[in-house]
J.: 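The structure's right below; bear with me while I get my questions together.
Note that ligands are numbered from 1 as they come in the structure, with each ligand's atoms numbered from 1 the same way.
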Amino acid sequence: MTGANRGIGAAIAQGLAERGLTVVVGARDAASGEQTAQRLGGRAVPLDVTDDGSVRDAVARVEQWYGRVDVLVNNAGISGGHAGQLAGEADLAVMRAVFETNLFGVVRLTEACLPLLRKADGARVINVSSGTGSLAWQSDSSRAFASSQIALAYPASKAALNMLTVLYAKALAADGIAVIAVAPGACATDFAAALGLSLERTAEQGAAIAVHLATVPDSPTGAFLQDDGPVPW
Ligand code: NDP
């Protein structure tokens, strides 16, 4: 899984390990990845989802160790901050950087993992999306999104991730691979703090839906889910 060294990713990794899964901790920072993996009894791989070589090397190691991937959790994500992604001052370099991680990073890693997902029985891909990527919610004027209301790239990247989830779910159904998007809800992580948000929901609470879907016997596919059920697309 990606971005497993801190925030919601670390909480997902912890939850999966507690349920008996062997977790491969993907982290850009090798040292913190190793620390997390040691704590969880798993293994670490250096992994930057924006880098073809890093993704290739990480997947090669997983193939060598385990020969298959049962669950791929695409958790790594960035907000890009507010500068350069507000209407009227959009900076394409900022917007491309957000898409590079939140969307293209998911494509890069999912494509690289496909041969290993196909070797597992009932594999699943869990994409950590966001309620801000819901077109239904964004166009509902009664629902205020604290910071993302006006930022362009982040919600757009998550809406695109949602579409990617539906398309992969259809494309991989014949292989028995489920593909699901999850909305963790606004949680108190570094991500939220950097946007000036003070939140009560914990990373563990945000991680619960991904942990559930990773381990539930019959996974839904092509769905966008939060704790209490479907999120409208
Ligand atoms: P954090 O900023 O706390 O953690 C982000 C994680 O992603 C870090 O481990 C970071 O690694 C990793 N990461 C960032 N860029 C890359 C990259 N290029 N390659 C590999 N790893 C990378 O964020 P959260 O835990 O809050 O967010 C996790 C996910 O949840 C994101 O996809 C986010 O969009 C989503 N989300 C978060 C919400 C929230 O309120 N917190 C709400 C809704 C969705 P490093 O330590 O190296 O920087």
Side-chain angles (χ1 to χ4, degrees), residues 1-15 23-37 44-59 72-81 85 96-110 112 125-134 137-138 145-149 151 153-162 164-165 180-211 224-227 231:
M1 65 165 291
T2 64
N5 56 315
R6 63 190 174 96
I8 294 167
I12 295 173
Q14 172 91 34
V23 181
V24 177
V25 173
R28 285 193 292 195
D29 178 50
S32 77
E34 288 292 348
Q35 261 178 14
T36 307
V45 284
L47 179 56
D48 181 338
V49 298
T50 66
D51 181 320
D52 288 336
S54 169
V55 167
R56 196 175 47 241
D57 291 351
V59 175
L72 168 62
V73 182
N74 287 308
N75 162 76
I78 57 170
S79 76
Q85 53 166 318
R96 283 195 186 101
V98 172
F99 272 75
E100 191 60 50
T101 300
N102 296 2
L103 187 70
F104 306 140
V106 172
V107 176
R108 191 176 278 113
L109 185 61
T110 303
V125 177
I126 299 172
N127 294 327
V128 179
S129 182
S130 164
T132 65
S134 161
W137 281 359
Q138 284 289 2
F145 281 110
S147 66
S148 55
Q149 242 173 344
Y154 178 75
S157 72
K158 294 296 190 180
L161 177 62
N162 289 348
L164 198 75
T165 300
I180 316 120
V182 298
C187 302
T189 62
D190 298 342
F191 175 101
L195 293 171
L197 299 173
S198 173
L199 303 166
E200 284 182 12
R201 188 171 164 82
T202 64
E204 288 69 29
Q205 289 171 316
I209 182 67
V211 173
F224 184 20
L225 300 169
Q226 60 179 357
D227 285 344
V231 182

J.: Do S157 and N102 meet the criterion of a side-chain donor-acceptor pair at a distance under 3.5 Å?
T.: yes
J.: Mind listing the closest non-hydrogen atom pair of T50 and R108 along with its distance?
T.: CA-NH1, 3.3 Å
J.: Checking side chain to side chain donor-acceptor pair (under 3.5 Å) for the pair N5/S32: CA distance, chi angles, key distance, verdict?
T.: CA-CA 6 Å; N5 56 315; S32 77; 3.1 Å; yes
J.: Taking only residues two or more places apart in sequence or in another chain, which ones pass side chain to side chain donor-acceptor pair (under 3.5 Å) with N75?
T.: none
J.: F191 and Y154: aromatic ring centres closer than 6.0 Å?
T.: yes
J.: From the options N162, T110, T165, select the one residue that forms a side chain to side chain donor-acceptor pair (under 3.5 Å) with N127.
T.: T165
J.: What does the list of residues with a heavy atom under 4.0 Å from ligand 1 look like, ordered by chain and number?
T.: G3, N5, R6, G7, I8, R28, L47, D48, V49, T50, N75, A76, G77, I78, T101, V128, S129, S130, Y154, K158, P184, G185, A186, C187, T189, D190, F191
